[in-house]
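Notes for the one structure printed next.
Each chain gets a letter, A, B and so on, in the order its sequence line appears, and its residues count up from 1.
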Amino acid sequence: MIIEGYEGYMPELPEVETVRRGLAPSMEGAVIRHVELRRPDLRFAFPPDFAARLTNRRILGLSRRAKYLIAGLDDGASLLMHLGMSGSFRVIRQTGSQMPGDFHHERSQIPAHDHVVLHLEGPDGSASVIYNDPRRFGFMDLLSPSDGASNRFLSGLGIEPTGNEMGPDSIARLFDRKTSPLKAALLDQRLIAGLGNIYVCEALWEAGLSPLRQAQSIVGNGPARLGQRTRLADAIRDVIARAIAAGGSSLRDHRLTDGSLGYFQHCFSVYDREGEACRREGCGGTIERIVQSGRSTFHCRQCQK
DNA sequence: CCTTGAACCTGGGCGC
DNA sequence: TGCGCCCAGGTTCAAG
């Protein structure tokens, strides 16, 4: 018997957190019995002996830092996973006498873009965790116990958008003397780690701030600027928290979804709403799409100053 | 150091 | 139906 779950789309922080929660029951406490690599690389080459170093290791916990998933292993190493733009995981639970890999024989062929399969043996039976990534912007790495925070992917990351550090003081420190647009500064993972294009647009709308103004323009001691930073910090927390809550709902109902934007998009105030009326009470503006550093920004000129 | 833009890939949607 | 173009959740580089 095969039970198939569907996890993961739109990989910004809330989605990565949703994936983490979805995978944790299958992965935590399980032993990796076999690792299938269908190709030598994703965005980057897998590290040397990647599969061998994972084999027969028990997964102690699955955590998240920014948009990274981190599986802690029983030898002190950690498996680092990033979903890029199009990565997703599926879990297939096997019960009965199936051998690992049999699900591929039950299908006439391997689904396109299934690049990594972790065959797990847990207390409640076996499971296969399959990483699929059409665009291959995702990547994986293996951290030795001594690597810790010196890992090239983790070392430069900024503060967590939902952590205790997020507040007007941190924003002042991080954005001081930054001449880049607010939009670009919020996307800079070295300052705040975990925000992506959708939720930056959403948070700026909620805070009533223009994506075009310079980041340093909300730095300063005046009450107006303190208010702007406070509203921005609150908006970031709020938008992320609501998206995680929505992700949780869609996860419970995942059989009803097709894995596309569908479910979440009802929650967006500006993202992908070009030409629609601004949803702010009494605003009357129209959502506009502009391009900043090569990426779409959705905003309302009327109420975002 | 700082900021911007190209590059990495595949697939879906649209206009012609 | 098909072709070419534009667009998409992110990150790393190179160039200015």
Under the criterion ring pair (Phe, Tyr, Trp, His ring centres under 6.0 Å), I'd like the reasoning laid out for A/Phe153 against A/Phe139: C-alpha separation, chi angles, the key distance, then a yes or no. CA-CA 10 Å; A/Phe153 298 116; A/Phe139 47 89; 4.6 Å; yes
Please evaluate residues A/Ser296 and A/Arg289 with respect to the criterion side chain to side chain donor-acceptor pair (under 3.5 Å), reporting the C-alpha separation (whole Å), side-chain torsions for both, the decisive distance (0.1 Å), and the verdict. CA-CA 6 Å; A/Ser296 288; A/Arg289 174 185 176 273; 2.8 Å; yes
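Within the 4.0 Å cut-off from OP1 or OP2 of C/dG10, not a single side-chain nitrogen or oxygen of A/Gln189 is found. For the pair A/His82 and C/dG10, the criterion of a side-chain N or O lying under 4.0 Å from OP1 or OP2 is not met.
Ion pairing between A/Arg173 and A/Asp169 fails under the 4.0 Å rule for side-chain N and carboxylate O. A salt bridge is defined here as a Lys NZ or Arg NE, NH1 or NH2 lying under 4.0 Å from an Asp or Glu carboxylate O, and A/Glu15 with A/Lys67 fails to meet this definition.
As judged by a 4.0 angstrom heavy-atom cut-off over every strand, A/Pro14 is placed among residues making no nucleic acid contact. Residue-level contact check: A/Arg43 touches the bases, meaning some heavy atom is under 4.0 Å from a base atom. When heavy atoms are screened at a 4.0 angstrom cut-off, A/Gly294 is found touching no nucleic acid atom at all. Residue A/Ser296 is in sugar-phosphate contact alone, with no base atom involved, counting any heavy-atom pair closer than 4.0 Å across all strands shown.
Comparing A/Tyr68 and A/Phe298, the nucleotide of DNA chain C nearest to each residue sits closer to the 5' end for A/Phe298. Between A/Arg152 and A/Val291, the residue anchored nearer the 5' end of DNA chain C, judged by the nucleotide with its closest heavy atom, is A/Val291.
Not a single salt bridge (charged side-chain N to carboxylate O under 4.0 Å, His left out) links A/Glu28 to another residue, sequence neighbours left out. By the salt bridge (charged side-chain N to carboxylate O under 4.0 Å, His left out) test, A/Glu17 is found to be paired with A/Arg20, A/Arg21, A/Arg64, residues two or more places apart in sequence or in another chain being considered. For the side chain to side chain donor-acceptor pair (under 3.5 Å) test, no residue two or more places apart in sequence or in another chain qualifies with A/Arg229. Remark: A/Arg301 engages A/Glu288 in a salt bridge (charged side-chain N to carboxylate O under 4.0 Å, His left out) (not counting sequence neighbours).
Stretches of at least 3 consecutive Watson-Crick or G-U wobble pairs, with each checked distance under 3.5 Å, appear in DNA chain B as B:2-8 with C:10-16, B:10-16 with C:2-8.
A donor N or O paired with an acceptor N or O is found under 3.5 Å between the base of C/dA8 and the side-chain atoms of A/Arg135.
Taken together through direct or relayed side-chain contacts under 4.5 Å among Ile, Leu, Val, Met, Phe, Trp and Tyr, A/Leu143 and A/Phe44 form part of one hydrophobic cluster.
Heavy-atom contacts of chain A under 4.0 Å fall on DNA chain B between two terminal nucleotides, which in 5' to 3' order are B/dT3 to B/dG11.
The separation of B/dC9 from C/dA14, taken at their P atoms, amounts to 15 Å, rounded to a whole angstrom.
The interatomic distance linking A/Asp188 (CG) with C/dT11 (P) rounds to 10 Å, in whole Å. The CZ atom of A/Phe44 sits 6 Å away from the C1' atom of C/dT12 (whole-angstrom rounding).
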